[in-house]
Amino acid sequence: MKKFRRAAAVLLGTALAAGTVAGGTVMTAASAEEESIVNIAFSNALTSLNPLNMPVSFVDLYANSMQFLPLAAFNAEYGTDGMLAESVTTEDNQTFHITLREDAVWSDGEPITADDVVWTILKLSSPEVANGNFDFSAFKGFEGGMSESGATEVEGVQKIDDTHVDFICNDHMSLDSFYNSIACWVCILPEHALKDIPNEELSGSSWFEAPEVVSGPYQMVEYDLLHYVSYTANENYFLGAPKIKKLNIQIVDPSQLLAGIESGELDMVHQSTSIPTQDRAKLDSLADATVVYSDNIINEMVYLNTASIPDARVRQAIVKAIDRDLLVQNILSGHGEVTDTFICSASPYYNEAKTKITYDPEAAKALLAEAGWDSSTVLKWNVDAGDSGAQLAAQIVQQQLAAVGVQVSIQTVDLATLQVQAGTEDADITSVQYTITPSDYYVDANWLVNDAGGYGNWTGGFYNEDLDAALQSTLTAVGHDEQQAAYDTIEEIMAEQLPLFSLYFQGNPGVVSNRLQNVEMSFFGTFNNIQDWELAE
């Protein structure tokens with residue numbers, strides 16, 4: 001049974017060539033008259049500054065939540081910090097109780113209430129908005145994942161009083177999955193400011209081009225989705241007026257990140273942005289910035305199209321033929337690790353005894369012979385054009401696979417094309433960076449590796465009944481030991497069936513200018529206390 005489906009592009013960590021460091025109307029920290037402006041670099045272009053249209057990607061989440069907070073946010077320890085919510089609890093993994101902060105107010109002084117939460121969910125799920133990145137079918141009353149047109153209430157999201165809301169599932173969902181699908185990703189909007197806009201006009205409303213009412217630490221004043229967003233501080237932010245009064249999110253071509261750091265035009269490169277591997281050696285010599293590597297949570301994930309590679313023995317042979325430890329040393333200079341599927345060592349569900357298929361080219365040859373593999377077959381391998389590390393890895397792997405009798409043709413394609421072609425006849429193999437929150441794998445894994453709903457996925461519609469049962473058991477498991485047992489079973493099935501595998505997990509470097517103070521750089525949680533950042537005198 002499919003509980004929650006999210007679009008596959010959600011947590012991609014790859015970098016697209018989208019903009020430039022400076023020029024046009026982008027503000028830069030190097031300008032004397034704008035010396036107090038802080039510039040934060042990402043490389044993926046923004047999709048929307050209207051949370052109702054937002055995809056589930058890091059740059060869009062961070063840009064939108066500067067203005068409109070979610071209920072909670074993941075932190076550096078892969079737990080959660082309350083944002084609008086004081087607490088999120090459940091006794092049965094079916095009803096989730098939200099208690100809102102009593103001091104939470106909109107920038108115009110109006111309290112943030114349960115009405116805002118219910119209203120936002122109803123609009124986000126309405127047929128007129130129809131944001132396919134959010135599917136509420138796990139909750140009662142959402143037929144096909146949507147609410148009814150014009151609905152003012154729904155059984156699965158109930159206001160208890162002004163500061164309490166209950167989310168009620170049809171079946172079960174773990175608390176981690178609730179955070180990872182709803183609480184940390186839905187940016188709550190002000191009902192009182194937007195209630196008069198018809199549903200069919202909300203997605204394109206000009207109100208979001210200059211929001212008059214926000215809940216977050218900053219308010220957007222100017223933007224170009226391909227290049228930048230400029231913000232000014234929300235002086236009425238209920239967690240405290242930000243000390244830094246102006247900041248920009250800048251969309252920067254990966255090849256220009258290092259130059260922007262060295263020149264001082266960029267004050268931060270967030271860890272979700274991938275600095276090209278060839279530039280990373282120079283980071284150690286930076287005099288005016290601090291470099292912090294993330295945990296090895298960014299997965300260079302490889303999807304095998306099980307429709308075109310149906311024999312699991314061939315898929316096993318492909319993995320056994322690749323010296324993945326060599327890739328970590330040669331491409332990542334040791335800033336990475338090898339595990340088999342999507343569970344990294346930073347996860348509480350990592351089990352070292354179950355997480356590595358050994359490099360064994362002779363065993364790979366034997367498996368291919370047993371499977372009757374035709375060595376004249378050429379597999380099409382799509383690699384993200386914006387990921388230089390993946391391209392280099394693919395070239396090395398191409399030679400290793402050829403040594404055991406598997407021929408591949410590497411095709412570099414843009415990210416949008418890669419997503420469309422993955423799992424189709426246009427791609428037998430697809431590799432792309434994909435970051436899954438280490439505390440919860442169900443939301444992503446249920447779609448990525450087990451197409452129980454028949455939607456189609458990047459593994460060519462792979463489905464395994466035992467894997468489905470193990471995934472479902474993560475939703476009802478009580479305590480860590482039961483969860484661990486479920487994930488151990490998932491790993492065993494995955495290592496045998498291999499609809500996907502990991503070339504490697506890597507840690508991305510984040511960079512913070514020394515003029516920025518009180519910043520705790522991490523993949524998750526960097527911006528949770530942005531109001532406390534300040535500039536060195």
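Only a predicted model underlies this, so the values are computations on that prediction, with no experimental measurement involved.
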Under 6.0 Å between ring centres, would you say that holds for Tyr62 and His270?
-> yes
Kindly say whether the aromatic ring centers of Tyr441 and Tyr349 come within a distance under 6.0 Å.
-> no
Would the distance check show the side chain of [X] and the main-chain N or O of [Y] forming a donor-acceptor pair, the cut-off being under 3.5 Å?
X: Ser230; Y: Val221; result: no
X: Asn457; Y: Thr459; result: yes
X: Gln219; Y: Pro211; result: yes
X: Arg315; Y: Ile309; result: yes
X: Asn39; Y: Asp267; result: no
X: Glu77; Y: Phe74; result: no
X: Gln398; Y: Ser409; result: no
X: Gln391; Y: Ala385; result: yes
X: Asn299; Y: Ser502; result: no
X: Asp311; Y: Arg313; result: yes

In terms of ring plane angle, is the pair Trp458 and Tyr434 parallel, tilted or perpendicular, where the classes change at 30° and 60°?
-> perpendicular
Give me the ring orientation class for Phe58 and Phe523: parallel if the planes are under 30° apart, tilted from 30 to 60°, perpendicular past 60°.
-> perpendicular
What distance separates [X] [atom1] from [Y] [atom2], expressed to the nearest 0.5 Å?
X: Ile261; Y: Met268; atom1: CD1; atom2: CE; result: 11.0 Å
X: Ile429; Y: Tyr303; atom1: CD1; atom2: OH; result: 14.0 Å
X: Ile343; Y: Ile490; atom1: CD1; atom2: CD1; result: 6.5 Å
X: Met54; Y: Thr47; atom1: CE; atom2: OG1; result: 10.0 Å
X: Phe42; Y: Gln271; atom1: CZ; atom2: CD; result: 11.0 Å
X: Leu69; Y: Asn528; atom1: CG; atom2: CG; result: 9.5 Å

Identify, with sequence neighbours excluded, every residue that meets side chain to side chain contact (heavy atoms under 4.5 Å, CB included) alongside Asn296.
-> Glu337, Phe505
So which pairs with a foot in residues 316-340 pass ring-ring contact (aromatic ring centres under 6.0 Å, His included), sequence neighbours left out?
-> Tyr293-His335
Check the side chains of [Y] and [X] for a donor-acceptor pair under 3.5 angstrom, ignoring hydrogens and angles.
X: Arg324; Y: Thr339; value: no
X: Asp532; Y: Asn518; value: no
X: Glu300; Y: Ser431; value: no
X: Ser255; Y: Asp253; value: yes
X: Asp488; Y: Gln484; value: yes
X: Asp440; Y: Ser177; value: yes
X: Ser439; Y: Asp176; value: no
X: Ser513; Y: Asp288; value: no
X: Asp387; Y: Gln433; value: yes
X: Ser57; Y: Asp60; value: yes

A side-chain contact here means heavy atoms from C-beta on lying under 4.5 Å apart; do [X] and [Y] qualify?
X: Trp185; Y: Asn133; result: no
X: Met66; Y: Val229; result: no
X: Gln67; Y: Tyr231; result: yes
X: Thr435; Y: Ser272; result: no
X: Ile530; Y: Pro242; result: no
X: Ser65; Y: Met83; result: no
X: Lys245; Y: Thr232; result: no
X: Leu498; Y: Ile357; result: yes

How about [X]: does its [atom1] atom have over 12 heavy atoms from other parts shown lying under 6.0 Å from it?
X: Gln278; atom1: CD; answer: yes
X: Lys243; atom1: NZ; answer: yes
X: Gln411; atom1: CD; answer: yes

Residue pair Asn382, Thr417: steps toward the side chain to side chain contact (heavy atoms under 4.5 Å, CB included) verdict = CA-CA 9 Å; Asn382 281 11; Thr417 301; 5.7 Å; no
For [X] and [Y], work out which heavy atoms get closest and say how close.
X: Trp373; Y: Gly405; answer: NE1-O, 3.0 Å
X: Ser347; Y: Pro438; answer: OG-O, 2.9 Å
X: Asn234; Y: Gly216; answer: ND2-O, 2.9 Å
X: Ser294; Y: Ile298; answer: OG-CD1, 3.9 Å
X: Asn44; Y: Ile251; answer: O-CD1, 3.4 Å
X: Ala486; Y: Thr474; answer: CB-CG2, 3.8 Å

With Ser308, the side chain to side chain donor-acceptor pair (under 3.5 Å) member among Thr424, Thr377, Asp428 = Asp428
Check step by step if side chain to side chain contact (heavy atoms under 4.5 Å, CB included) holds for Tyr359 and Asp325.
-> CA-CA 9 Å; Tyr359 170 55; Asp325 287 313; over 6 Å; no
Checking side chain to side chain contact (heavy atoms under 4.5 Å, CB included) for the pair Phe208/Met220: CA distance, chi angles, key distance, verdict?
-> CA-CA 9 Å; Phe208 292 97; Met220 185 267 293; over 6 Å; no
Go through the steps for Thr437 and Val443 under the test side chain to side chain contact (heavy atoms under 4.5 Å, CB included), then give the verdict.
-> CA-CA 10 Å; Thr437 309; Val443 173; over 6 Å; no
